S.K.: 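Please read through the structure below; I'll follow up with questions.
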Amino acid sequence: MPQQQPQWQIQLTVQPPEWLINAVKQYAPDLEGKYAAQLLWQRGICNPEQLAEYLSPDLYKPASPFAFGEEMNWAMERLLKARDRQEIVAIWGDFDADGITSTTVLWEGLGQFFGQNQQLFYYVPNRFTESHGLNCQGIEKLAEKGVKLIVTCDTGSTNLIEIEFAQKLGIDVIITDHHTLLPERPPVVAIINPRNLPPDHQLFNLSGVAVAYKVVEALYQTLPNVPQQPLEDLLDLVAIGLIADLVQLSGDCRYLAKLGIEKLQTDLQKAPKLRRHPGIGRLLELCKKSGDRPTDISFGIGPRINAVSRIQGDATFCVELLTSKDLKLIEKLAAETELANSRRKALQKDVEKQVWQKLAQLDLSTTSIIVLTEVGWPVGVLGLVAGQVAQETGRPTILLSIETAEENSENVNFARGSARSVNQIDLYQLVKDQAHLLHRFGGHPFAAGLSIPVENIPVFTEAIDRQLRQQIAADPNKLNRVITADLVVKVAELGQDLFREMKVLEPCGMGNPVPQLMIKNCWFDNLENYNIKDAIGNKVTYIKTNFLIKDTSTKVGFPGIWWGHYKDEVPQGRCDAIVELDFNTYQKRYEVRLIAVRSCAENFELLNHVDRYELDRILDWRNAEIYSSNSDKQPLIVRKCPSNWDDLQLWFRQALQSNRNLAIAYPSPPEISPNQIWEDLVGIAKYLSRTGKTATPDQLQQKLGISVTCLYFGLETLAKLGFQVTNWNGQFQITNNQNLPSLNLDNQASEAIAQFLAAVQEEQFRRHYFYEVPLATIQSVVARSNYGETE
């Protein structure tokens, strides 16, 4: 089945300011620093204060655990009451990596205040028989043990029925979670969930394990003389859960992940029997990782913890694996975890094959969301396969396994499965809007789990597809797949120095992705396929391709790997490739991980096709009063005058893929002097400083009429005049704690203003050029830049 080809986008190359390059050099004196500085600049690090906090956790100011307000106070009061009364407390966890590490953090953290296995117990539900969240059967078991207080972690925010059931049994509930909230507060003692905080709050993106850590931190501060173990001993667990759960690594998330990786590295320097968590070290040994990279967690530890529940259902022993000091027991549990991961790979591959066979019978041009069902699919791997299908097709994907339930009063058969989203489509909301058809569901915008009566599946599929099609009609870009290259490099530049510059940005994850590098006009040699084997040597039908990537910059190829692909999928001849640079701990070498590849020959063939048949589909409406088109489809309309060819290139590609005309309809650029723009920027800065309000980059760009590149130049210039510019999750806050040197500017400030004015003037010149450039030039250059080299 032909797969949707993603759009390739290259970040605009900008020269970062000299201070940023010098600052990177101070952090890593033997590095050139230009690539790291360019990436930091592209990602909004636009003043020295931001950079210092970004690079050094010692300079970051984390939020207090009591930033959760009264809810945290209520939680502390109830925990103190339980401790004073010697009540039995149960931790209710979850079975994925975030849930397991959350459970472990509470087990070790609360264990400093409550006797483990006497006053404190933990409960991890079975993925197959209980699924996520609280359930009445498990609560009843805890009641029989005499439990008076349940503290959840990574779950529970929407379990109203189960919370009420616990209350009837005389059990209080404290929720610690990070998943989507209900409109009304549940009837619990306390609910510690960052979704109750403003979206720009530094705690808003915490995962379940980080919320659990904040609860323990609050208890440490409330009873500082009780704990015998340092709070920081939990940070390696926090880093694993944060990175494995793919939360946005900004604010306290980034801070905790960075500290956690450093803590893990320190612990790994010790002998296994002296480590705080020797089980983590053993998992790293089995997956041949060193633990100094976020990818060691996301590709190593995380999948192995997740695999246990996916294969066995019950992942309770993973908590013991992470907490035990018994090296023989750790060896046994780690081996069992490794075997589960190998079996997971084999099952996943089998389901993938069946899914693609089903997809071959669908017309994806008429399908906005993929919903597939099958009897007996292993539920544990459906989320993984759904994620792969969503990425390959560019469409949200829901995979359901039909299971015949035991006879019940309603005699209903259910299907259970997982959903994964792409781009900016809020899949949770799509599923939630069909809640009346479902049995259970939960999740967040990019991933959800659900169960549904089998008889409701056709209606559910039609309704959710129609709903998404309506959204796409309002915003046709929703389903566009875009792969963004951060830097363009040559093969000769790959290696240790570039890797160390990329490492400056770590920990990477959502909101701070691993830098992707584009290598143009390259080719591949020494292609070899390998079937991955499991822990006991059995072949697993999961493939990878090893290769050497080459270009004209060097005679020596650079090693690389393409996971899940065969060597005959690599185009022959000259190619463009997008890769991630990595270090292979096992083989002790630097290598690239191939993300996407396209044949240059195919590009040039397509260019010729465009020359002959498609160039007349670029319409010049710049001076037209009435827009008209001979096409039945409304053309894609470019209403904003660009300042570079990349913008038009992206629009042209979108038009071709949707079989529509492209209309150039932007008006003449406004005649505003650079000096006026500078005065407006200073005025906005004064206003924001005086009122305490914030503004997004889009708002500032729209108000000033400049590009994001010029905007960042302007913000840097403001910093030299005494303003402090802070970027909190995409919202700029500008403050000024001193009188502006408005009349007596020093040389540095004057020079910065002059550079900003020059940048604006250059951008205005380019916009005027794009407004006046002939249509024939646009047709030629856009087509050539889209499929060949840009000018």
Side-chain angles (χ1 to χ4, degrees), residues 11-23 34 37-38 40-51 640-648 666-690 693-727 731-773:
Q11 288 273 24
L12 182 64
T13 300
V14 296
Q15 178 61 36
E18 201 64 31
W19 70 261
L20 184 54
I21 297 176
N22 292 334
K34 65 174 184 177
Q38 183 176 332
L40 290 166
W41 188 253
Q42 288 173 350
R43 297 184 183 195
I45 306 300
C46 57
N47 64 58
E49 292 78 12
Q50 283 180 294
L51 181 68
K640 183 178 179 181
C641 187
S643 60
N644 58 74
W645 288 111
D646 289 340
D647 293 343
L648 284 174
Y666 39 78
S668 174
E671 298 292 340
I672 304 176
S673 71
N675 283 317
Q676 182 61 53
I677 292 174
W678 167 246
E679 291 176 8
D680 290 344
L681 177 58
V682 173
I684 292 172
K686 290 180 179 179
Y687 171 77
L688 295 179
S689 177
R690 184 176 67 254
K693 294 183 178 181
T694 61
T696 66
D698 287 341
Q699 289 171 332
L700 294 176
Q701 286 179 253
Q702 185 174 2
K703 185 70 175 177
L704 299 169
I706 58 177
S707 69
V708 67
T709 303
C710 280
L711 174 61
Y712 283 131
F713 271 122
L715 295 176
E716 181 194 2
T717 306
L718 287 176
K720 295 179 180 178
L721 267 70
F723 288 101
Q724 182 176 355
V725 183
T726 307
N727 186 349
Q731 293 278 344
F732 283 117
Q733 183 181 46
I734 302 178
T735 57
N736 176 41
N737 297 322
Q738 55 181 308
N739 294 325
L740 284 176
S742 57
L743 297 178
N744 300 314
L745 298 176
D746 59 26
N747 291 336
Q748 185 181 20
S750 299
E751 183 180 349
I753 293 173
Q755 290 177 350
F756 172 74
L757 296 176
V760 173
Q761 186 176 17
E762 170 64 19
E763 183 174 277
Q764 289 180 338
F765 171 81
R766 292 177 67 86
R767 290 192 191 279
H768 279 288
Y769 167 80
F770 277 100
Y771 177 70
E772 297 173 354
V773 66

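Source: prediction; values computed, not measured. Every heavy atom of this structure was used, including side-chain atoms; hydrogens, water molecules and symmetry mates were not.
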S.K.: Considering non-hydrogen atoms only, spot the tightest contact between Q38 and P16 and give its length.
M.R.: N-CG, 3.8 Å
S.K.: With under 30° as parallel and over 60° as perpendicular, where do the rings of F732 and Y712 fit, or are they tilted in between?
M.R.: perpendicular
S.K.: Please name the pair of heavy atoms, one in A752 and one in T717, separated by the smallest distance, quoted to 0.1 Å.
M.R.: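 In this case the closest contact between A752 and T717 is O-OG1, 3.5 Å.
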S.K.: Only counting residues at least two apart or in another chain, list the ones meeting side-chain contact (heavy atoms from CB on, under 4.5 Å) with A719.
M.R.: none
S.K.: Restricting to side-chain hydrogen bond (donor to acceptor under 3.5 Å, both in side chains), what partner residues turn up for Q701, sequence neighbours left out?
M.R.: none
S.K.: CD1/I684 to OG/S689 distance, rounded to the nearest 0.5 angstrom?
M.R.: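 Going from the CD1 atom of I684 to the OG atom of S689 covers 13.5 Å.
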S.K.: Let me confirm one number: the CD-CG distance from Q676 to L704, rounded to the nearest 0.5 Å.
M.R.: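 It comes to 10.5 Å.
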S.K.: Where do N675 and E679 land on the side-chain hydrogen bond (donor to acceptor under 3.5 Å, both in side chains) test, with the steps shown first?
M.R.: CA-CA 6 Å; N675 283 317; E679 291 176 8; over 6 Å; no
S.K.: Answer yes or no: is there a side-chain heavy-atom contact under 4.5 Å between T726 and T735?
M.R.: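 They are not in side-chain contact.
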S.K.: Hey, what do you get for CG (L688) to CD1 (I734), rounding to the nearest 0.5 Å?
M.R.: 5.0 Å
S.K.: Taking only residues two or more places apart in sequence, or in another chain, which ones meet Q702 in a side-chain contact (heavy atoms from CB on, under 4.5 Å)?
M.R.: none
S.K.: If you compare all heavy atoms of E763 against all heavy atoms of C710, which two are closest, and at what distance to 0.1 Å?
M.R.: OE1-SG, 3.4 Å
S.K.: Would a 4.5 Å heavy-atom cut-off, applied to side chains only, mark T696 and Q731 as touching?
M.R.: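 Yes, their side chains come closer than 4.5 Å.
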S.K.: Just verifying a value: how many Å separate L681 CG and L715 CG, rounded to the nearest 0.5 Å?
M.R.: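 Spacing of CG (L681) from CG (L715) equals 6.5 Å.
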S.K.: So do K693 and Y687 actually touch side chain to side chain, heavy atoms under 4.5 Å?
M.R.: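 Side chain of Y687 against side chain of K693, heavy atoms only: contact under 4.5 Å found.
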S.K.: Could I get the full list of side-chain hydrogen bond (donor to acceptor under 3.5 Å, both in side chains) partners for Q764, not counting sequence neighbours?
M.R.: none
S.K.: Does S668 have any side-chain contact (heavy atoms from CB on, under 4.5 Å) partners at least two apart in sequence or in another chain, and if so, which?
M.R.: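 By the side-chain contact (heavy atoms from CB on, under 4.5 Å) rule, S668 matches Y771.
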S.K.: Apply side chain to side chain contact (heavy atoms under 4.5 Å, CB included) to I753 and L757, showing your working.
M.R.: CA-CA 6 Å; I753 293 173; L757 296 176; 4.0 Å; yes
S.K.: If the condition is side-chain hydrogen bond (donor to acceptor under 3.5 Å, both in side chains), which residues does K703 pass it with, not counting sequence neighbours?
M.R.: none
S.K.: Do the side chains of L718 and V682 get nearer than 4.5 Å, heavy atoms only?
M.R.: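 They are in contact (side-chain heavy atoms under 4.5 Å apart), so the answer is yes.
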S.K.: Which heavy atom of R767 sits nearest to which heavy atom of I706, and what is that distance?
M.R.: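 R767 and I706 have their closest heavy atoms at NH2-C, 4.1 Å.
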S.K.: First locate atom CG of D698, then atom CG of L711, and finally report the distance between them rounded to the nearest 0.5 Å.
M.R.: 9.5 Å
S.K.: Look only at the side chain of E49 and the backbone of Q724, and say whether a donor-acceptor pair between them is shorter than 3.5 Å.
M.R.: no
S.K.: Please report the C-alpha distance between V760 and F713 in whole Å, then the side-chain angles of each, then the deciding distance to 0.1 Å, and finally whether the side chain to side chain contact (heavy atoms under 4.5 Å, CB included) criterion is met.
M.R.: CA-CA 9 Å; V760 173; F713 271 122; over 6 Å; no
